[in-house]
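Let me begin by presenting the structure, written as structure tokens, before commenting on it.
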Amino acid sequence: MSDADALHERSTTRVTMGTEGPVLIDGPVEIELPDGRIASSDRVIVALCTCRRSRVYPWCDASHRDRSRSERDA
Ligand code: FES
């Protein structure tokens, strides 16, 4: 592996976007919230809530599944 490849591998953060549910980000991460607070996670993969229904926002707590289920049942 070249130095450039090694640097790219070290500095590149992968973000995975799905059609529903959270955005997955390679951790550890620090998230700056709109009010200026910083949320930190040391997890290897972090799930960020995109539905804003999570009780542990900005982290996903799987509450999006309830919305997906109720929208399907409607
Ligand atoms: S995306 Fe999972 S709780 Fe919001």
Side-chain angles (χ1 to χ4, degrees):
M1 179 183 295
S2 72
D3 288 347
D5 288 341
L7 179 61
H8 178 75
E9 186 171 295
R10 248 192 352 253
S11 63
T12 301
T13 300
R14 176 165 296 188
V15 177
T16 305
M17 300 179 70
T19 55
E20 294 181 13
V23 170
L24 303 178
I25 302 174
D26 289 354
V29 297
E30 288 186 342
I31 306 295
E32 185 173 348
L33 301 172
D35 64 4
R37 288 181 298 135
I38 303 293
S40 302
S41 175
D42 291 333
R43 291 185 170 206
V44 174
I45 297 178
V46 178
L48 274 186
C49 176
T50 57
C51 75
R52 295 201 173 242
R53 295 178 59 135
S54 174
R55 286 182 221 125
V56 293
Y57 190 84
W59 318 122
C60 173
D61 69 355
S63 294
H64 63 272
R65 292 181 185 158
D66 295 336
R67 184 173 75 172
S68 298
R69 198 172 298 131
S70 65
E71 287 174 353
R72 276 195 304 268
D73 297 342

Spacing of His64 atom NE2 and Thr50 atom OG1 [to the nearest 0.5 Å]
7.5 Å
Euclidean distance, Arg65 CZ relative to Glu20 CD, rounded to 0.5 Å:
11.0 Å
When rounded to the nearest 0.5 Å, the distance separating OG of Ser54 from CG of Leu48 is 10.0 Å
Once you round to the nearest 0.5 Å, how far does CD1 of Ile45 lie from OG1 of Thr16?
7.5 Å
Mind checking whether Leu24 and Val15 have side chains closer than 4.5 Å, heavy atoms only?
no
Could you grab the distance from atom CD of Glu30 to atom CD1 of Ile38, nearest 0.5 Å is fine?
6.0 Å
Output for pair (Asp66 CG, Arg53 CZ), nearest 0.5 Å, gives 6.5 Å
Ignoring hydrogens, what is the shortest heavy-atom contact between Asp61 and Arg55? Give both atom names and the distance.
OD2-N, 3.0 Å
Are Val56 and Val44 linked, directly or through other ILVMFWY residues, by side chains that come within less than 4.5 angstrom of each other?
no
Tell me the closest heavy-atom pair linking Gly27 and Val46, and the distance in Å.
CA-CG2, 4.1 Å
Can you find a heavy atom in the side chain of Cys49 that is under 4.5 Å from one in the side chain of Trp59?
no
